[in-house]
Protein chains: 2
Amino acid sequence: MEITTKVEPTCEQELAAIRDSLEILGGKWKLRIMRHLRNQIDENNTFKKIQREVTGISAKMLSKELQDLEINLLITRSVRNTRPVTVSYAITDYGLSVFPITESLVDWGLNHRQKIK
Amino acid sequence: MEITTKVEPTCEQELAAIRDSLEILGGKWKLRIMRHLRNQIDENNTFKKIQREVTGISAKMLSKELQDLEINLLITRSVRNTRPVTVSYAITDYGLSVFPITESLVDWGLNHRQKIK
DNA sequence: ACCATTGGTTAACAAAAGGTAACCGGTTAC
DNA sequence: GTAACCGGTTACCTTTTGTTAACCAATGGT
């Protein structure tokens, strides 16, 4: 039997962790894209389809954000043998782990709007 | 007896709520300030003291961030009759509601660092 | 030949966020 | 008088973030 000492993160490590999270999930588009992919899970999420449905996003931003999300293992990118070639994106199992955070942001934001008004 | 229908927020309302949350809690300094104020709850958190201890922040940013946090009812600002005059800041009860979010950001960020490396 | 669709890339620009340094009034210690 | 401490504010600059519009190659339809 192994004795594992749970390593308490230092305050600085915690701050770095918050920075990491906000860097990956923050910004104008990333969570919108993630939520869109989750809601359309049954469908085939091609680049153009996402661009049409995440209203307002440009090709440049969508391309960049999808790359960031893929690098961070939150989504997958798969090229399909259709004509013309289409590329479809999907959330990974790991990517699902962001939704508890988004839900807490939704809840807090909704409550805050009540509080402030 | 009253029948209350729980109002499900629309997708757009949820996105607006996320935007609100990230606007209020995002950025480089706000959560750092909040966490600092929480950790030093027994002490008297004056402007200069916060500035010394939240390393790297300038007077300009600290002033602006504290104003934002106060407007959003997360902290209080109280001028004290000391000489020279000092101003002390403290988290409100409502302000404590942000910490569950910060903890989820910490946990996710720490886990993500393991995942990526 | 010509146009449309897909999945992008590129350059140039604008807006937002943050950093630096100087300055301010009021006070108190020397 | 002058220097230092407090709690800021102001102007100016840089960096980051996001927008706009043009362009590209590959494929298919007419």
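Note: hydrogens, waters and symmetry copies are ignored here, and every other heavy atom, side chains too, is used. Within every chain, numbering begins at 1; the chains are lettered A, B, ... in the order of the sequence lines, protein sequences first and strands thereafter.
- Here B/Thr82 lies out of heavy-atom contact (under 4.0 Å) with every strand.
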#### Entry: Verdict with supporting geometry, A/Leu66 and A/Phe47, side-chain contact (heavy atoms from CB on, under 4.5 Å)
CA-CA 9 Å; A/Leu66 289 171; A/Phe47 188 91; 3.9 Å; yes
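- One atom, CZ of B/Arg77, and another, P of D/dG7, lie 9 Å apart when rounded to the nearest Å.
- Here C/dG26 presents its P atom at 18 Å from CZ of B/Phe47, a figure rounded to the nearest Å.
- Whole-Å rounding puts the B/Arg32 CZ to C/dG18 C1' distance at 13 Å.
- Rounded to whole Å, atom P of C/dA16 lies 15 Å from atom CG of B/Asp68.
- Hydrophobic clustering (side-chain heavy atoms under 4.5 Å, transitive across Ile, Leu, Val, Met, Phe, Trp, Tyr) keeps B/Ile71 apart from B/Met61.
- Taking only side-chain nitrogens and oxygens, B/Thr86 never comes nearer than 4.0 Å to OP1 or OP2 of D/dC6.
- Less than 4.0 Å separates DNA chain C from at least one heavy atom of each of the following residues of residues 22-30 of chain B: B/Gly27, B/Lys28, B/Trp29.
- Using a 4.0 Å heavy-atom cutoff across all strands shown, A/Arg80 reaches no nucleic acid atom at all.
- Of the listed residues (A/Leu69, A/Ile91, A/Leu96, A/Ile33), just one forms a side chain to side chain contact (heavy atoms under 4.5 Å, CB included) with A/Leu74, and that residue is A/Leu69.
- For A/Lys60 and C/dA14, the NZ to P distance is 14 Å, given to the nearest whole Å.
- The phosphate of C/dT27 (OP1 or OP2) has no side-chain N or O of B/Arg83 nearer than 4.0 angstrom.
- The CG-P distance, from B/Leu62 to D/dC6, rounds to 13 Å in whole Å.
- The shortest distance between the side-chain N/O atoms of A/Gln67 and the OP1/OP2 oxygens of C/dT9 is below 4.0 Å.
- Rounding to whole angstrom units, CD1 of residue A/Ile57 and P of C/dG7 are separated by 14 Å.
- Taking atom NZ on A/Lys64 and atom P on D/dT20, their separation rounds to 16 Å, with Å as the unit.
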